[in-house]
Amino acid sequence: MTTTEFDLSNVSNLTGAYDASQVEDPIYAFWEDNGWFRPTGAVEGQPEPFTVIMPPPNVTGVLHLGHAVTLTIEDALIRWHRMLGEPTLWLPGLDHAGIATQSVVEGQLAREGMTRHDLGREAFEERVWDWVGVTRPRITAQARRMGASCDWERTAFTLDPTPRDAVRKTFVDLFNDGKLYRGARIINWDPQMLTALSDVEVEYREEEGKLWHVRYPFVDERGNELEDGVVIVTTRPETIPADVAIAVHPDDERWQPHLGRHVRLPLRGFDRLIPLVADSAVDLEFGTGALKITPGHDQLDFEIGERHNLEPIRVVDWDGTLTAEAGLYAGMDRNEARTLVAQHLEQDGYLLKTETHIHNVGHSQRSGVVVEPLVSNQWFVDTDELAAEAARVVRDDEVRIVPERSKNVYLQWMDNIRPWCISRQLWWGHRIPAWYCSACDADAIITADDGEITIDEGSHPIVELTDPTTCPTCGGSELVQDPDVLDTWFSSGLWTHSTLGWPDTTDDLARFYPSSVMETGYDILFFWVARMIMLGCFNMGEAPFRTVYLHGLVRDAEGRKMSKSLDNVIDPLEKADQYGMDALRFTLATGSTPGNDMRLTDERLEGSRNFANKLWNGAKFVLGEIASASDRSPSPRELPYSSPRSPSQGELPSPTPSSPLQGEVPKAEGVLPLEDRWILSRLQAVTDSVDELLTQFQLGEAGRQIQDFLRGEFFDWYVEASKVRLRNGDLSPLPVLTKVLDGGLRLLHPWMPFITEAIWQQLRPQLADNNDVDALIGARYPQPGDADRDLEAEAEFSAVQDVVTAVRQVRADYKVQAGQFVEVYVRPRDDVVGAVTDSAPIIEVLSRSRPLSIVTDLADAPTDQIASAVLPTAEIILPLGGLVDLGQEQARLSKDLDNIIKRLKGAEAKLANEGFRKKAPAAVVQQAEELAADLQRQQADLESRIGALG
RNA sequence: GGGCGGUUAGCUCAGUCGGCUAGAGCGCUGCGUUGACAUCGCAGAGGUCACUGGUUCAAGUCCAGUAUCGCCCACCA
């Protein structure tokens, strides 16, 4: 692959700290211009591709934190697999988002004093397309800023020709299969958007309402009202005009004698009689045990009505006002009517009681208004068989859901699924591909004054793959297309294969279906994931992805869900401007575990930014040293500590590419100093762990471990230790510095792609194997088994760290001046596993800035005016002269001793336990024995130290 | 009504297969004008792992229950 060079000189005048704004855009262009986002290694017989189909953002939206999480996680997964050398495809796209987009544009029109009806259907659609023309590039630009390494050349849109064909074919196939039908059912109606909704588009919120106790009087044979009657409770008295019965439980003894009798509607202007029927759906515990049946405005009542052949009456109109059926209440808003009806009931003596009542009220997810259950002619998908298969593939683990617990949520939903209402009375979306014959369906086709058409009951839809021109029944050629559009999730549900060319048989489809991971928020598990699995299985005969990864919601610092009304929405791009995109990504990726919500705070973002800065500066140091070494070659023993051409602060020094470091890191044990062996082994340890974690989708933990390694081990210890060797010209640490920095950058790249690439571009010429690839995005990801762990070195260096920390602690305790020369006497315990066998690393870490000398024989140590420390692997003495206070020293050591004794007791108790010795694994027992022995030695040493003080 | 999740340091959160003294960041205390970095370094303080019981040689981790906060689903009007 030919690539253009990434030139950091484009990144002008970096001063001070890492400046993400100077780096991110050029790096992104560098990747994209060099084709890194296209699937790589597209060769037959290559590893199975790793594919992610991006959840398409709403075309009119702006990128919010949910998208930011999605893009971060998917990009990290994609980059990891790309670096593993697998062919990777990340396919981006956008969703036309029917109802959401239409409501945005209608809002714009409203501000101009218009409605969509003023424009008419065609002009309105044009208007939306214009708007989409503005927003579409905006949202893709935002995704680019995130660093998303997706294949923009394959960008899909749900209204593109291929997804359109996919919708058409799916609709026809479902119809011909009998899984799609049109009919009058009770549906959720949005009286503001004036459209039907599916069940999942209704959000239930607890609200305080009123529970009215209303008496429906019995009448005698002549129709005169009697004193007694049936008392029901209702929350919606305005629907009384639509009542068709009173239902009670068949086992309810209170009402059995009255079954079959009639009561009269207790409302002014109504003398309609309705029967008392029995239905086991009635809860005899609730209220009075009697339920008014209003099939036109309640789901349960509709079902009861069907069982008793009771025709629904529609008393609430599409716009939420009352219909002519409501008599004197006609034309009133449903809430207004509710109040007035209650008032009348009270005045007329039918209202027995009013109580407050907390109940769940359904609101339209989009408009927020209270949903009205209405009987309406709509298109439905019969989901029974689709759901059974969709449940099976998850139950059989053909599709794995992460986190695992979401599997139950999914299955429970699938097992209780109801028909899916897919028609929407909107203009923006996929027009329903059904036609009606003007002749045959003349009665069903209703044309309003403004020319708009609705299709009534009893129609005969013509559903074919190509637009029909003649009626198959009468041969007539006057056909009318269904005016409605499809639920936006119908086309999104096909996304997994419509983006790959389906219904055509394409190479992409063959190669990339099913995709590897579907990553999205758990909040759209039912909306989207469930539908994709149902429709994917139906169309393709195979589940659309192997794994579903569900991430949690991003909340504000107080843990609240972000919402416009709370005015607590955090703009990810604003945060990226402030802290850098890598910092934002790292924060989002490491901020939570799969499926758990996270809070985003400035403190966390700051922490990530500081980590990026640390990395930048650490790399700057390593690169600077490489540059100096190159300038002053050949003799590494004569390396000056300072660089002759010291790079200006903040700028990454550019080592001369023509003089890379000579040689690979020596492999043979014993050749390398301890700290080299240690850091290389630790690098491998982190590599192993990260591989394991990523395989389990634990991106957060993996990212944190890499951070801990780079900061807590590489920069804090290895780089510090390396400085002595750089200064005194011993065996150069540069090969190891280079190798570990390289490894760390590779490991971190999926989380922080920009800064790692920027640094790596400068490091690349120094790498021993720099010929294979010239961008980190395509470099090989470190693998388990790349190197052997060196557990001995890890143990021994750990002892070095203990010694160094102990010396620092003593110095801090006695407030030894930073520049003050101090000797340190160390007696390593060479009889202990992991003991320090060589004092050089201690010197290297410690002597960086604090003059000291190390004497490894305690016999030579002074006995007066000393501070000391006892470690499992060594004993330490520092002659501090007048700084030492006998009482303080005694207190310090006694505290240590107390601690040791406490732990020793615990260890001994454990070992004394017969069960432990018998049942615990031998290694664990041995470990405990060694610990006890260590502690005993430390106890003895401390006691003798304390004794010497007296 | 059913289901799920959280409860670990002052705060926000990790903690993988049950196993050494339970970790990080922020905050806090002390020291530090270190030739990568003050967006920093070093050292330190700070924990009954919500509670009760159980399993186990061993429990933050597994089981049962309780409390509490949150979420999802559901045809109690």
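All chains are named by letter (A, B, ...) in the order of the sequence lines, taking the proteins before the strands, and each is independently numbered beginning at 1.
- By the 4.5 Å heavy-atom criterion applied to side chains, A:L883 and A:K815 are not counted as neighbours.
- Residues A:V807 and A:V804 are not in side-chain contact: their nearest non-hydrogen atoms beyond the backbone lie 4.5 Å or more apart.
- Within the 4.0 angstrom heavy-atom criterion, base atoms lie near A:L693.
- Among the atoms of the strands shown, none is found under 4.0 Å from any heavy atom of A:A281.
- Along RNA chain B, the nucleotide closest to A:G618 and the one closest to A:D813 are compared, and the more 5′ of them pairs with A:G618.
- Closest approach to the A:F286 side chain among B:C76, B:U39, B:U56 is made by B:C76 (side chain taken as heavy atoms from C-beta onward).
- Among the atoms of the strands shown, only primed sugar atoms or phosphate atoms (P, OP1, OP2) are found under 4.0 Å from some heavy atom of A:R405.
- Side-chain atoms of A:K614 come within donor-acceptor range of the base of B:C37, with a qualifying N/O pair under 3.5 Å.
- Atoms CG (A:N899) and P (B:G44) sit 13 Å apart, rounded to a whole Å.
- A glycosidic torsion no more than 90° from 0 defines the syn conformation; B:C42 lies beyond that range and is anti.
- Considering only the side chain of A:R418, B:C75 comes nearest among B:C40, B:A77, B:C75.
- Of the C1' atoms belonging to B:C28 and B:A9, the separation is 11 Å, rounded to the nearest Å.
- Within the nucleic acid shown, A:Q705 comes within 4.0 Å of at least one base atom, counting heavy atoms only.
- Across all strands shown, A:L291 has heavy atoms under 4.0 Å from base atoms, whether or not it also approaches the sugar-phosphate.
- Among the protein residues, A:R704 comes within range of the sugar-phosphate backbone only, with heavy atoms under 4.0 Å from sugar or phosphate atoms but none that close to a base.
- With both ends at atom C1', the span from B:A77 to B:C72 equals 23 Å, rounded to whole Å.
- Atom C1' of B:C62 sits at a distance of 15 Å from the matching atom of B:C49, rounded to the whole Å.
- Residue A:E603 is in sugar-phosphate contact alone, with no base atom involved, counting any heavy-atom pair closer than 4.0 Å across all strands shown.
- A:T590 comes within 4.0 angstrom of no nucleic acid atom, judged by non-hydrogen atoms across all strands.
- Proximity note for A:F715 (side chain, C-beta onward) versus B:C20, B:C57, B:A36: the nearest is B:A36.
- Place A:V409 and A:E692 on RNA chain B by their nearest nucleotides, and A:E692 ends up nearer the 5' end.
- Counting only heavy atoms from C-beta on, A:T805 has its side chain closest to B:A43 among B:C37, B:A43, B:C76.
- The nucleotide B:U12 finds its pairing partner in B:A24, both defining distances of the Watson-Crick or G-U wobble pair being shorter than 3.5 Å.
- We find that CZ of A:R599 is positioned 12 Å from P of B:U7, with the value rounded to whole Å.
- Between the CG atom of A:N613 and the C1' atom of B:G41 there is a distance of 14 Å, rounded to whole Å.
- Within 4.0 Å of A:T601, counting heavy atoms only, lies no atom of the nucleic acid at all.
- Pair assignment for B:U48: none, as no Watson-Crick or G-U wobble contacts are both less than 3.5 Å.
- Partner assigned to B:G5 is B:C69, using Watson-Crick or G-U wobble distances below 3.5 angstrom.
- Both the sub-6.0 Å distance and the 45° axial angle are satisfied by A:R808 relative to the ring of A:W717.
- Residue contacts for A:T593: at a heavy-atom cut-off of 4.0 Å it reaches the sugar-phosphate backbone alone, with no base atom in range.
- Nucleotides B:U16 and B:U61 have their C1' atoms positioned 11 Å apart, rounded to a whole Å.
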